[in-house]
Amino acid sequence: MNFLAAIGRTFLGFLAATGRLAVFTGITISHCVRPPIYWRLLGRQLVDIGYYSLPVVGLTTLFSGMVLALQSYTGFSRFNAESAIATVVVLSMTRELGPVLAGLMVAGRIGASMAAEIGTMRVTEQVDALTTLSTSPYKYLVVPRVLAGIISLPFLVLIGDIIGVFGGYLVGVNKLGFNAGSYLKSTFDFLETQDVVSGLVKAAVFGFLIALMGCYHGYHSGRGAQGVGRATTNAVVSASILILISNYLITELFFAR
Amino acid sequence: MAERTAALPKIRIRGLTKSFGSNHVLSGLDLDIADAESVVVIGGSGTGKSVLIKTVTGLMDADSGAVEIDGTDVLSLPASERRAMMNRFGLLFQAGALFDSLSVLDNVAFGLVEAQSIPRKQAHEIALDFMAQVGLEPDVGAMYPGEISTGMRKRAALARTIATRPEVVFFDEPTTGLDPIMGDIIDELIVKCVEEFKITALTITHDMDSARRIGNRIAMLYDGKIIWQGPTAEIDTSGNPYVHQFINGLEEGPIELVTSRA
């Protein structure tokens, strides 16, 4: 009986959390499309999310592109298909690895910091103070972060794509002995607009999810240091899982035949 | 005093209830506060003093009851009108709740800029005036909340609260965490601001020295209701055993120790 009660409690808890998240998302979206927008705060978040995430995204995609070229060579050389390496690298980076790796890295860096910052503000009553000063916490705290996530992730991914392809090029030309010109030609011959666009759409969705999860878990943070710590963990884990799920759904949407 | 109570009270709380599961924190609380009156609600830890302020200010939804400001029930107002009503309120939080990411000057000017749409430069000038009123030097304005002492943070928070010239101000444990001298200074500042700006004030505290300094009237909250209220001067002769036990800090008496908290 206790076992059934525990299942019921968990299920009800899940439904309540889903409802809370749906309401939070609805309110956030409604505030995103209604003035006023705090442009100064949006600018600050763009710098935080976009500019300061560049090194980590750049390094991740650089080495991923390099590894991808090496691994592809190992496999493709077994049936004399080395010429496809450049194409594999560019398609993998633009369609999948660029957006997913950038999304996961930014989720770890930014999602955690958003949850920690807003959670601390919640615990120290700064969120309540905003309300008493006639300022909507959604408008002031959530909207700038969510908009900055949606705007900056595609730029990060675009730069990450370029760096990742460059990583593949470095390995291809310097280590695997490809001709620089023919490697670049192979890179661009099979690249279509949709490959890049699908990656950028994914990036925008991931940016939204990362910021939404960071803000949601921070906003509903429990009391004390433990509550903020849990909010931070939940923000990163939930954003990462949602990134992987939505990645499949968007891929299905763009490329399913 | 008789004229005040005969007139429509500035704040009229009727039948306010709030529960957390089976824990009934407020159970039909009634309280009237006249215009420009300063009422202090005393009570032990966990008796629902903070919940009272949060439900009255709309930071927490009440289960039932009415909170009338100038005869208008704020709890039944639609969200937009309730927000407009919030412009008339100020709340001094227990720990100040200054925004960490803003300088002290930006904190004090925050309500002027965001709620009253006053240009930033002008808001800063007004903020400097209010900082001077609470004894903060202009150079403190450039510092961040993490760089100043607890007493200075409390002063800055008080300046932020009154800078928007609210009609009604709620003070949540204004002297908690302060040494007796700083507590006395903050109390005097509160009294000065309340009198100078004709503010209607509701303070919650368990610090009796502070309650005596701030309040025109004191009310005691116990078991979710106001069990006694009267002029500050009469609290020592209230004849109420709960009040007697509380203000004298006696272990023996009718008050049961609250071991759970909402």
Side-chain angles (χ1 to χ4, degrees), chain A residues 9 12-13 16 20 23 26-27 30-31 34-45 47-48 52 113-145 148 215 218-225 227-228, chain B residues 50 53-60 79-102 106-118 120 123 127 145-146 153 156-157 159-164 166 168-173 176 261-262:
Chain A
R9 261 199 306 276
L12 287 176
R20 256 200 316 272
V23 170
I27 295 173
S30 80
H31 279 294
R34 275 186 295 150
I37 301 287
Y38 290 94
W39 298 107
R40 202 165 47 88
L41 297 177
L42 175 61
R44 196 185 298 164
Q45 290 301 325
V47 171
D48 263 2
Y52 288 120
S113 94
M114 283 182 186
E117 189 178 352
I118 298 178
T120 306
M121 288 184 75
R122 164 65 73 197
V123 170
T124 55
E125 297 185 308
Q126 292 177 52
V127 175
D128 287 341
L130 279 174
T131 308
T132 62
L133 291 164
S134 303
T135 304
S136 161
Y138 282 93
K139 280 238 176 283
Y140 193 81
L141 296 175
V142 181
V143 170
R145 285 169 171 78
C215 294
Y219 199 85
H220 292 285
S221 165
R223 290 177 184 177
V228 177
Chain B
S50 291
I53 277 197
K54 286 187 174 173
T55 47
V56 171
T57 51
L59 292 174
M60 194 180 271
S80 58
E81 289 177 43
R82 200 159 160 180
R83 215 170 298 126
M85 188 66 85
M86 289 294 285
N87 283 333
R88 299 164 62 186
F89 293 171
L91 172 52
L92 178 65
F93 289 87
Q94 193 172 332
L98 293 174
F99 305 123
D100 297 326
S101 57
L102 301 180
D106 280 332
N107 262 286
V108 178
F110 190 91
L112 299 165
V113 175
E114 303 301 341
Q116 301 182 353
S117 304
I118 295 173
R120 188 169 296 272
R153 275 204 291 275
R160 183 179 72 178
T161 306
I162 57 172
T164 52
V168 179
V169 177
F170 302 92
F171 297 99
D172 184 359
E173 309 264 11
T176 297
R261 192 183 165 90

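Keep in mind it's a predicted model, so treat the numbers as computed, not measured. Each chain gets a letter, A, B and so on, in the order its sequence line appears, and its residues count up from 1.
- Chain A forms more heavy-atom pairs under 4.5 Å with one residue of B:T57, B:T161, B:L59 than with any other, namely B:L59.
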Let me have the donor-acceptor pairs involving side chains of residues 110-117 of chain B, under 3.5 Å, with sequence neighbours excluded, atom names and distances please.
{"residue": "B:E114", "atom": "OE1", "partner": "A:Y38", "partner atom": "OH", "Å": "3.1"}
{"residue": "B:Q116", "atom": "NE2", "partner": "B:T164", "partner atom": "O", "Å": "2.9"}

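- Residues meeting the ring-ring contact (aromatic ring centres under 6.0 Å, His included) test with A:Y219, sequence neighbours left out: A:F24, A:Y138.
- Looking at A:T124, the atoms closer than 4.5 Å to chain B (heavy atoms on both sides) all sit in the backbone: N, CA, C or O.
- Residues B:F99 and A:M121 are in side-chain contact: their nearest non-hydrogen atoms beyond the backbone lie under 4.5 Å apart.
- Taking chain A as the reference chain and counting heavy-atom pairs below 4.5 Å, the highest number among B:A95, B:P166, B:A97 is found for B:A97.
- The candidate with the highest count of non-hydrogen atom pairs below 4.5 Å against chain B, out of A:D128, A:T120, A:T131, is A:D128.
- In terms of heavy-atom pairs under 4.5 angstrom with chain A, the leader among B:L91, B:D100, B:L98 is B:D100.
- The shortest distance between side-chain heavy atoms of B:D106 and B:R120 falls below 4.5 Å.
- Considering only heavy atoms from C-beta on, A:K139 comes within 4.5 Å of A:R34 through its side chain.
- Heavy-atom distances place no part of B:L92 under 4.5 Å from chain A, backbone and side chain included.
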